[in-house]
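Each chain gets a letter, A, B and so on, in the order the sequences are listed, and its residues count up from 1.
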Number of protein chains: 2
Amino acid sequence: MKNLEIINTYLRKYKIESVFPEEVQHLLSLDNFAEGEVICSQGQLAKNLYILVEGKIKVYTTSAEGRTLILSFKNPVEIIGDIEYIRGIDIINTVEAVSAVSMISVPYAVLKKYAKDHAPLLNFLLDIITEKFQLKNSSLTFNLFYPVEVRLASYLLSVSSQEMESPDGEKGSMVHIRDAANLIGTSYRHVNRVIQKFLADGLIERQRGSIYVKSREGLKRLAGDNIYE
Amino acid sequence: MKNLEIINTYLRKYKIESVFPEEVQHLLSLDNFAEGEVICSQGQLAKNLYILVEGKIKVYTTSAEGRTLILSFKNPVEIIGDIEYIRGIDIINTVEAVSAVSMISVPYAVLKKYAKDHAPLLNFLLDIITEKFQLKNSSLTFNLFYPVEVRLASYLLSVSSQEMESPDGEKGSMVHIRDAANLIGTSYRHVNRVIQKFLADGLIERQRGSIYVKSREGLKRLAGDNIYE
DNA sequence: GATAGGAAAGGACATATGTCCTAAAAATCA
DNA sequence: TGATTTTTAGGACATATGTCCTTTCCTATC
């Protein structure tokens with residue numbers, strides 16, 4: 001199967017065939033990334049708009065002091081490079097493939113030439129970006145209002161339910177402790193402390209760097225209704 | 001001067017005459033709010049898109065437990081209700097007039113009918129929303145990476161420089177301590193502690209609930225380059 | 001001007017979180 | 001298999017921040 005066909009299959013699958021005008025459709029390309037590969041790096045010049053159509057990615061930022069903060073994990077459909085396209089700025093956050101990943105990409109130049117005023121694209125971007133905004137808004141308030149214990153409970157709930165949906169089988173709701181710490185914005189050490197508490201209460205089990213959820217009910221009690229998003 | 005004329009003056013002033021199509025222009029109205037008045041409340045049904053054209057507003061959210069977090073202060077031009085319009089959701093945050101405020105308002109119904117695919121409006125919204133997103137993104141990372149001392153220094157820098165620009169005269173760079181605490185997401189008590197430190201170092205002066213900046217240089221040293229936005 | 005009421009500042013203590021280091025466990029390699 | 005290295009878990013202590021309460025200072029009022 002040719003790339004163009006694959007691309008069209010994805011566009012149909014996610015019902016975004018009409019997002020790009022004719023002239024642009026031919027100029028879409030399909031980029032594949034291996035697990036662990038960096039898709040784009042904070043601070044670099046942004047050139048392409050990407051649409052995640054297959055696999056899972058991780059978006060994170062690194063502080064001047066070298067600390068890492070995971071901003072989100074994303075599954076299809078998701079857009080990367082949208083903010084940078086519109087604002088004309090360098091890449092804000094680093095994006096890395098967590099599994100094998102396929103992305104449809106379009107150069108900014110093409111979009112600027114053929115799709116600057118293409119309402120379907122603009123509406124699509126608005127939709128995606130407002131969703132991102134809302135998510136970011138809730139994480140901000142959530143992080144400032146609640147302690148790590150609540151945030152971790154909430155994160156475990158959100159991740160474990162998502163994993164359920166994907167046909168991952170036994171590995172099911174495994175969560176890497178280091179990821180959790182970086183996502184919540186706290187130290188590995190402190191997450192470990194909280195984990196001990198959860199363990200003592202029989203809410204989770206631990207296995208070599210990973211957690212899996214035993215009692216969603218118990219976690220819900222801790223998290224209140226404050227599930228991520 | 002008729003409202004319509006005033007509205008047109010503002011549209012010209014902020015160079016957004018072409019954002020709305022003809023049919024919508026006639027349906028714009030001008031709403032005025034007194035200092036302290038609530039413009040829209042978290043959780044309510046959203047009905048209008050607002051454009052802030054005069055005065056200063058405060059956007060904040062309240063947690064289930066009743067704690068308040070100030071998300072931002074905004075000056076013209078700013079849009080309120082954009083996310084809600086696009087996503088079709090209830091109002092996310094409460095917005096309150098800090099000074100006397102004028103806003104141009106348009107019912108969602110009008111926009112949906114006449115401007116759903118009006119590229120200038122869509123591009124305008126994209127511009128505003130991506131800016132908001134970026135700001136929120138930086139506050140999130142900033143809040144998670146740095147302690148209150150750094151955040152307060154950074155906030156004081158950002159506010160005092162903005163105030164300079166406005167012709168406020170002597171009151172210049174006065175900052176309310178309670179506002180600062182709520183914006184930074186910490187307790188009044190703790191901000192007070194940090195203030196004592198700043199006072200001891202001669203960075204600021206205090207006067208009955210307000211701070212004013214004495215040494216931007218000193219604060220900069222504390223904040224690193226991490227000025228808000 | 002004296003006084004009551006309310007807002008602002010600060011003290012004392014508890015809790016949350018970070019840093020640094022050590023112990024335990026697993027993985028790697030000879 | 002045993003030794004070495006790497007990764008993970010946890011201990012000890014320091015710092016950051018929250019809560020509650022007391023004190024201090026302003027301001028309005030008579």
N or O in side chain of R206(B) less than 4.0 angstrom from dG10(C) OP1/OP2: yes

Relative to each other, are the rings of Y146(B) and F142(B) parallel, tilted or perpendicular (30° and 60° limits)? tilted

Residue-level proximity of residues 187-200 of chain B to DNA chain D when a heavy atom falls under 4.0 Å: S187(B), R189(B), H190(B), R193(B)

Please confirm whether the ring centroid of Y108(B) lies under 6.0 Å from the ring centroid of Y85(B). yes

Please state how far atom NE2 in H176(A) lies from atom P in dA9(D), giving the value in whole angstrom units. 12 Å

Once you round it to whole Å, what is the distance between C1' of dT19(D) and CZ of F145(A)? 17 Å

Between R208(B) and R67(A), just flag the one whose closest nucleotide in DNA chain C comes earlier from the 5' side. R208(B)

Interatomic distance, Q207(A) CD vs dA25(C) C1' [rounded to whole Å]: 13 Å

Side chain of R178(B) only, heavy atoms from C-beta on: which candidate in dA9(C), dA8(C), dG18(D) is closest? dA8(C)

Validate the cation-pi geometry between R178(A) and Y188(A): distance from NZ or CZ to the six-membered ring centre under 6.0 Å, angle to the ring axis within 45°. yes

Taking the six-membered ring of F73(B), is the NZ or CZ of K56(B) close enough (under 6.0 Å from the centre) and on axis enough (within 45°)? yes

Rounded to whole Å, how long is the line connecting atom CG of L222(A) with atom P of dA16(C)? 12 Å

note: M174(B), atom CE; dA8(C), atom P; distance rounded to Å ~ 14 Å

Please check: side-chain N/O of N143(A) versus main-chain N/O of S139(A), any donor-acceptor pairing under 3.5 Å? yes

In whole Å, I'd like the distance from the CG atom of N182(B) to the P atom of dG18(D). 11 Å

Roughly, in whole Å, what's the span from CD1 in I204(B) to P in dA9(C)? 10 Å

Determine which pairs satisfy salt bridge (charged side-chain N to carboxylate O under 4.0 Å, His left out) with at least one residue from residues 189-204 of chain A, sequence neighbours left out, and list them in order. E149(A)-K197(A)

When the distance from OH of Y146(B) to C1' of dT15(D) is rounded to whole Å, what number comes out? 18 Å

Okay, side chain of T94(A), backbone of Q42(A): is any donor-acceptor separation there less than 3.5 Å? yes

